[in-house]
There are 2 protein chains.
Amino acid sequence: MNDIHKKSPGRPRSAQSHQAMLQATLELLGEVGFDAMSIDAIAARAGVGKATIYRRYASKAELVADAIERVREEIVIPDTGSLKSDIDALIQSAAQITLSPLGRQTVAMIISSASSNPEFAEIYWTKYLQPRRQAFAVVLERAKARHEIGADLDPGLVFDAMSGIMLYALIFQPNPESWTESVRRALNLLLKGASSFDAELH
Amino acid sequence: MNDIHKKSPGRPRSAQSHQAMLQATLELLGEVGFDAMSIDAIAARAGVGKATIYRRYASKAELVADAIERVREEIVIPDTGSLKSDIDALIQSAAQITLSPLGRQTVAMIISSASSNPEFAEIYWTKYLQPRRQAFAVVLERAKARHEIGADLDPGLVFDAMSGIMLYALIFQPNPESWTESVRRALNLLLKGASSFDAELH
DNA sequence: AATTTACGAAACTGCACCGTATCGAAATAA
DNA sequence: TTATTTCGATACGGTGCAGTTTCGTAAATT
């Protein structure tokens, strides 16, 4: 099953057009947000006919879900030898994505349509948060081996707390510098919880 | 200045109609969200003419901003004699508001229109978060006096971290029970940071 | 009483979008 | 070549909303 035989006659669907509409979708999502985004606008920006979009997706939600699902960023697991530096790198990486217009609008979309379109949260969790959660666990395990933190510290819990703080700072401290600073302070407090981690992150 | 003389002739504006449109605005905001909310729908639900709304507000954003600004919940500062119980009460109170449809949609609105309508975040910060931040500081000061936590713990920082965690859990753990539980666990970790607070919150 | 302003309801214009259909051209298989 | 399918572009009818105006009525001042 799941054969992708090309035996059917006729002109095949254009991979370029498909790519163009996905790209235009992500751009517009970041620029105007989910609700203000029209199919007409996506088609126009992609240089594609509206029918070409409707042939692939039944709704805007489907299109957007597929577009954000296909986003793949490289996840680098830092290994500088010091927990402080490793975490700094992770924060920087997260900031770059989360503070972007696309990152903001994606989160807003997830919250506002949480009840009507739970698949958005699901995709974001699976494709974005989950891999970073595991990368974070690796970093913390290494720090445990170096006795920088206690062995009983739950990486998942710390990651969730850190993500929440980032999200909060994203909303109420939109300024990138104060964002980074307040995330660092909160994380410093967090890690003191079950560790000998008391270095100044500043 | 700022006189509110009633010397002008003619029928005065109806306070009842005004109240009805504000109420309908909050209801619809919680039910369908900011973008899907039409002025027609607000007027219909409030039993008010559309012109009556436009006479008071120039835009939907103005109306919504005024509506959420006028929301006033009683803030009770718990004083049970134990930090654990006090915090439990605060979490319960926050959950009741934040987990409600109105709370969710308000946050979503703030994020998605952060650039176009920064006044929403401003109002939410000033009228909702700020007072709770101060109430939290009172609770923590009492705990310091009882030597339940270290005197060097920054209440504002802890509050911000806690708020962020609540927000995160709101999105990715919409279930009220798991929400409360994960908030408790994170907070427990947080308070271990600079205190002798190691009681099981569960 | 006369005037003035607000009221709810409804009608109205204009616009943006949705989803479908149609067109000639292009790209494939048989 | 012929049949089939997709392509971009455009047109179309339908719907919903914005914002204004009109109407008869209600509530205030002078």
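Here is the naming used below: chain letters follow the sequence lines, and residue numbers restart at 1 for every chain.
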Point to revise | Base D:dT6 paired with A:Arg11 side chain (donor-acceptor, <3.5 Å) | key: yes
Review point. CD of B:Glu31: more than 12 outside heavy atoms within 6.0 angstrom?
Key: yes
Point to revise | Close residues, residues 30-61 of chain B, relative to DNA chain D [heavy-atom separation under 4.0 Å] | key: B:Ser38, B:Ile39, B:Asp40, B:Lys50, B:Ala51, B:Tyr54
**Study point:** A:Gln23 and A:Glu27: side chain donor to acceptor below 3.5 Å
**Key:** yes
Revision key, fill the gap. Whole-Å distance, A:Leu63 CG to C:dG19 C1', equals 15 Å
Exercise for review: Only pairs at least two apart or in different chains count here, so list each ring pair (Phe, Tyr, Trp, His ring centres under 6.0 Å) that has a residue in residues 80-100 of chain B.
Suggested key: none
Point to revise | Considering all heavy atoms, the nearest B:Ser115-B:Pro118 contact | key: O-CD, 3.7 Å
Without placing hydrogens or testing angles, list every side-chain donor-acceptor pair under 3.5 Å for residues 156-172 of chain B, not counting sequence neighbours.
residue	atom	partner	partner atom	Å
B:Asp160	OD1	A:Tyr168	OH	3.0
B:Asp160	OD1	B:Arg133	NE	3.1
B:Asp160	OD1	B:Arg133	NH2	3.4
B:Asp160	OD2	B:Arg133	NH2	2.6
B:Ser163	OG	B:Phe159	O	2.9
B:Tyr168	OH	A:Asp160	OD1	3.0

Check your understanding: Heavy atom of residues 15-28 of chain A under 4.0 Å from DNA chain D: which residues?
Key -> A:Ser17
Exercise for review: Please name all residues satisfying salt bridge (charged side-chain N to carboxylate O under 4.0 Å, His left out) with A:Glu141, sequence neighbours left out, ordered by chain then number.
Suggested key: A:Lys144
Practice item. Taking side chain to side chain donor-acceptor pair (under 3.5 Å) as the test, write out the residues that go with B:Tyr57, two or more places apart. Key: B:His18, B:Asp66
Check your understanding: Under a 4.0 Å N-O cut-off, is there an ion pair linking A:Arg142 with A:Asp86?
Key -> no
